[in-house]
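All heavy atoms count here, side chains included; hydrogens, waters and symmetry mates do not. All residue numbers in this chain count up from 1 along the given sequence.
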Amino acid sequence: MLSVLRSIVQEVNSARDLQEALDIIVSRVQSAMTTEVCSVYLLDPETNRYILMATEGLYKKAVGNVSLGHSEGLIGLVGSREEPINLEDAPSHPRYRYFPETGEERFRSFLGVPIIHHRRVLGVLVVQQRENSRCFDEGEEAFLVTVSAQLAGVIAHSEATGAISGLSMTGEETRDVSFKGVAGAPGVAIGQCVVIYPPADLDAVPEKQTDNIDHELQVFGDAVTAVREDIERVAERLASQLRPEEQALFEVYLRMLDDNALPGEVVTRVKEGLWAQGALKQVVNQYVRHFELMGDLYLRERAVDIRDLGRRLLAHLQEGDQQEVVYPDNTVLVSEELTPAMLGEVPRGQLVGLVSVRGSGNSHVAILARAMGVPTVMGMVDIPVNQLDGKELIVDGFEGQLFASPTADLRTFYQEIYDEEAALFRGLEALRDKPCETTDGHRVSLLVNTGLMTDVVRSLSHGAEGIGLYRTEVPFMIKERFPSEQEQRQYYREQLEAFAPSPVTMRTLDIGGDKALSYFPIQEENPFLGWRGIRVTLDHPEIFLVQVRAMLKASEGLNNLQIMLPMISNISEVEESLHLIYRVYHEVREEGYDIHMPKVGVMVEIPAAVYQVRELAERVDFLSVGSNDLTQYLLAVDRNNPRVAQLYHSYHPAVLQALVRIAHDAHSVGKPVSICGELAGDPGGAVLLMAMGYDALSMNAASLPKVKSVIRSIALDWAGQLLEDVLLLDSPHVIKSCVDLALRNAGFGRYLRPGKASADLLSQNS
Ligand code: PEP
Ligand code: MG
């Protein structure tokens, strides 16, 4: 059964559109289960009705014409109960509905399973049988449930692909097509999409037309020649080491590259106007599908060779066709997985929005986007990336939504929000040089988190009082090798100088998790529980020592450096790090540099550290809470995984209790404590943290003016009362609503989500 299942999924995966995918499903399931009928009903979100979209066994003319209300008939029952219904005599069931146009009266046995994707019922998959005697057994039920679970994602994706081309499920024209993801960085952007796709990945190649057929034929011809030469070279090199039957494989490859084989078909499609990469993708997929359906195992395996050949050709094509990406003035960058390097490629001032298929709201690239003030949506798992290039998009980074094919009304609506947000910021500029102090005189330091030099410029203009977290891995991530001591010294000096004499807290390299260095790959099953942060650098003292040396030398004459250690889970990591820092300090002084010993601090971001705050604090000068990781580890929710994004909640009572405890325990041994996770930049979060006693809040530059404005307008007592109230609550959602309500009542509703009132109106009216 597993192989049948796999081949159905593969075939459906390579379908061109939703209809083809559904037709494949019904015909393959019908024959695999030897039933008389297999049909798919999809729930049309526009009409909230189940529409018969494909069938094998019912009258074909019923497709698209038969539909049932949301809770009508057995189909509606399967959908609303969200579980399989297996009946030997369906017509005797009280919910049975009869549609003469389907010819259904002839079928008695009924097995329907819901098609569910991310908790949303997309439709129902049904098999039926004429005789009374057939009752679908447990195994068949389990098979159908498995097929449905595996195909739900593909169906959702195909639906989205249709929608992006401006077509609804039933083929009608649609506008304002929207996709839901996870909010990454607040703000809205209206712009033109530029898709950045990874090299030599056939699946990621967009389908584009070309108006330069000769050029496409030329680059494709060159790619075929280059791959042929590669294969001949490899075959020759390995000739003496391989047996004849193994050498025959190269022959197979070369035969596939004959002009009248695969290349011939690509050329035909290019002549019809498709660009070479897209034509190659189509032809390779067609071959792969063909081979995978073969009964013979040896021939089935050849699908792998075709795919490999396709990748090789694509690599050469992309090399020979390296057209400069043209970034429009209002670029919305879209990619399977955004990286800091991709952000860096877009010329300054032209990047207005970001969309990533992978990652979640607390992925590092989202944090970087927040720091840069670029509205971002993450975790857009169902968007058809390949279809988006060049399209007009609206990014709603507040709600985590993306719109394609916007109507003039929607564009005007978002333009108003954009203008409102810009006006809000202009209004806050006046606060730049004012202290962050409550109405009853309580002072809190507002610091910034930085990674790039642009952050520093923005931070200064927003009135930051120092850097609470400089993520040193960012300059490491945008290079192609480890930066040298001299290069690092230069980066660090820029940050230290920009803020001197205010403190600049530099965190030692925190790679691992979702922060990968292309030149130092870490492959792990469970990267967030693996080799991360201080664990890597203590295992590689040569990296740690060079970094600390660069920091110390950069601080000469400024003396505003503080060093912070990430991912500390036990005391000995602190002691070992301190030992190395002291060693470098003495060596650098011996070299003649006039430097001071910097303050050293520890990040509290692992639950174990929460319970050892006193022991940690006694060994260092300060603590800083990394609430992004602390939330992830306390709640066991991967911060990078959009599937569990709704469980990642920094207002969770357990997180708040931990934060209270950390502040209390640090102060009990006389050490200052700050926080540099994203919660500090959330106006409501900042109020609670101030009430807990945090001495400094470090956040992205874009959040700073809003936080300052709120704190300057409230009294510490007011914040204390709010904290007391929410600590009695047991649900993160209720806590969040309670804090939002308090802010709204205090007149800060506009900081929660500009245009929210009008957004509510729009959704009510639509
Ligand atoms: C944190 O974990 O809260 C933090 C500030 O560090 P990072 O987000 O870089 O892991
Ligand atoms: Mg962290």
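Between the OG1 atom in Thr450 and the CG atom in Asn700 there is a gap of 11.5 Å [rounded to 0.5 Å]. One distance of note links CZ of Arg307 with CG of Asn285; it measures 8.0 Å at 0.5 Å rounding. Atom CD of Glu542 sits about 10.0 Å away from atom OG1 of Thr537, to the nearest 0.5 Å. Interatomic distance, Lys515 NZ to Ile367 CD1, rounded to the nearest 0.5 Å: 7.5 Å. Taking CG of Leu509 as the start and CG of Leu517 as the end, the distance is 6.5 Å to the nearest 0.5 Å. Taking NE2 of His364 as the start and CZ of Arg639 as the end, the distance is 4.0 Å to the nearest 0.5 Å.
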With side-chain contact (heavy atoms from CB on, under 4.5 Å) as the criterion, how do Leu151 and Ile115 come out once you've worked through the C-alpha distance, each side chain's angles and the decisive distance to 0.1 Å? CA-CA 8 Å; Leu151 293 176; Ile115 305 169; 5.9 Å; no
When you look at Phe544 and Ile581, which way does the side-chain contact (heavy atoms from CB on, under 4.5 Å) test go after all the steps? CA-CA 9 Å; Phe544 189 83; Ile581 294 172; 4.1 Å; yes
Could you walk me through whether Asp382 and His118 satisfy the side chain to side chain donor-acceptor pair (under 3.5 Å) test, starting with their C-alpha distance in whole Å, then the side-chain angles of each, then the deciding distance to 0.1 Å, before giving a yes or no? CA-CA 11 Å; Asp382 291 321; His118 294 316; 4.9 Å; no
Verdict with supporting geometry, Ser360 and Asn641, side chain to side chain donor-acceptor pair (under 3.5 Å): CA-CA 6 Å; Ser360 193; Asn641 183 346; over 6 Å; no
Start with the C-alpha gap between Leu635 and Leu647, add the side-chain angles, then the distance that decides, and say whether side-chain contact (heavy atoms from CB on, under 4.5 Å) holds. CA-CA 8 Å; Leu635 304 184; Leu647 295 175; over 6 Å; no
Asp514 vs Val365, side-chain contact (heavy atoms from CB on, under 4.5 Å): CA-CA, chis, key distance, verdict: CA-CA 9 Å; Asp514 67 335; Val365 76; over 6 Å; no
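Although no hydrogens or angles enter the test, the distance criterion places no donor-acceptor pair under 3.5 Å between the side chain of Ser624 and the main chain of Met603. Side chain of Asn386 to backbone of Val195: no donor-acceptor contact under 3.5 angstrom is found. Glu336 contributes no side-chain N or O that, together with a main-chain N or O of Val357, makes up a donor-acceptor pair within less than 3.5 Å. Remark: side-chain polar atoms of Glu605 are paired, donor with acceptor, to backbone N or O of Met567 under 3.5 angstrom. The backbone N or O of Glu485 lies less than 3.5 Å from no partner atom in the side chain of Arg549, so there is not a single donor-acceptor pair. In terms of modelled atom types and a separation under 3.5 Å, the side chain of Arg493 and the main chain of Ala554 share a donor-acceptor contact. Although no hydrogens or angles enter the test, the distance criterion places no donor-acceptor pair under 3.5 Å between the side chain of Ser698 and the main chain of Ile675.
Considering only heavy atoms from C-beta on, Leu262 comes within 4.5 Å of Leu280 through its side chain. Between Val548 and Leu580, every side-chain heavy-atom pair lies at or beyond the 4.5 Å cut-off. Taking 4.5 Å as the limit, some side-chain heavy atom of Met506 sits within range of a side-chain heavy atom of Leu561. Here the side chains of Arg507 and Glu473 are in contact, with some heavy-atom distance below 4.5 Å. In this structure, Asn640 and Phe528 have side chains that are in contact, with non-hydrogen atoms separated by less than 4.5 Å. Taking 4.5 Å as the limit, some side-chain heavy atom of Leu313 sits within range of a side-chain heavy atom of Val224. Taking the side chain as every heavy atom from C-beta outward, Arg535 and Ser569 approach each other to under 4.5 Å. Looking at Val334 and Ile196, their side chains never come closer than 4.5 Å, going by heavy atoms from C-beta outward.
In plain terms, the two heavy atoms of Val182 and Pro642 that are nearest each other are CG2-CB, 4.1 Å. Heavy-atom minimum distance, Ile306 versus Met256: CD1-SD, 3.2 Å. The two atoms that bring Asn628 and Tyr648 nearest to each other are O-OH, 2.6 Å, heavy atoms only. The two residues Ala152 and Ile116 make their nearest non-hydrogen contact at CB-O, 3.2 Å. Of all the heavy atoms in Val604 and Ala609, the pair that sits closest is CG1-CB, 3.9 Å. Nearest heavy atoms, Gly361 versus Ala366: O-CB, 3.5 Å.
Under the 4.0 Å criterion applied to side-chain N and carboxylate O atoms, Arg532 and Glu524 are not assigned as salt-bridge partners. Between Arg471 and Asp510 no salt bridge is recorded (no basic side-chain N to carboxylate O distance below 4.0 Å).
Taking the six-membered ring where the residue is Trp, the centroids of Phe482 and His540 are separated by 6.0 Å or more.
Under the 3.5 Å distance criterion, with hydrogens and angles disregarded, a donor-acceptor pair is assigned to the side chains of Gln632 and Asp629. A donor-acceptor contact closer than 3.5 angstrom links the side chains of Ser650 and Thr631.
Within a 6.0 Å sphere centred on CZ of Phe520, heavy atoms belonging to other residues, nucleotides or ligands number more than 12. Atom CZ of Arg481 is surrounded by more than 12 heavy atoms from other residues, nucleotides or ligands within 6.0 Å.
Under the rule for a salt bridge (charged side-chain N to carboxylate O under 4.0 Å, His left out), the partners of Glu337 that lie at least two apart in sequence or sit in another chain are Arg358. Annotation: side chain to side chain contact (heavy atoms under 4.5 Å, CB included) contacts of Arg289 (sequence neighbours excluded): Glu11, Ser14, Glu20.
Considering Gln488, Gln547, Gln495 in turn, Gln547 is the only one that fulfils the side chain to side chain donor-acceptor pair (under 3.5 Å) rule with Thr472. If you run salt bridge (Lys or Arg N to Asp or Glu O under 4.0 Å) between Arg619 and each of Glu573, Glu576, Glu575, only Glu575 comes through.
Note on ring orientation: taking the six-membered ring where Trp is involved, the planes of Tyr492 and Tyr470 are perpendicular (angle over 60°, cut-offs 30° and 60°).
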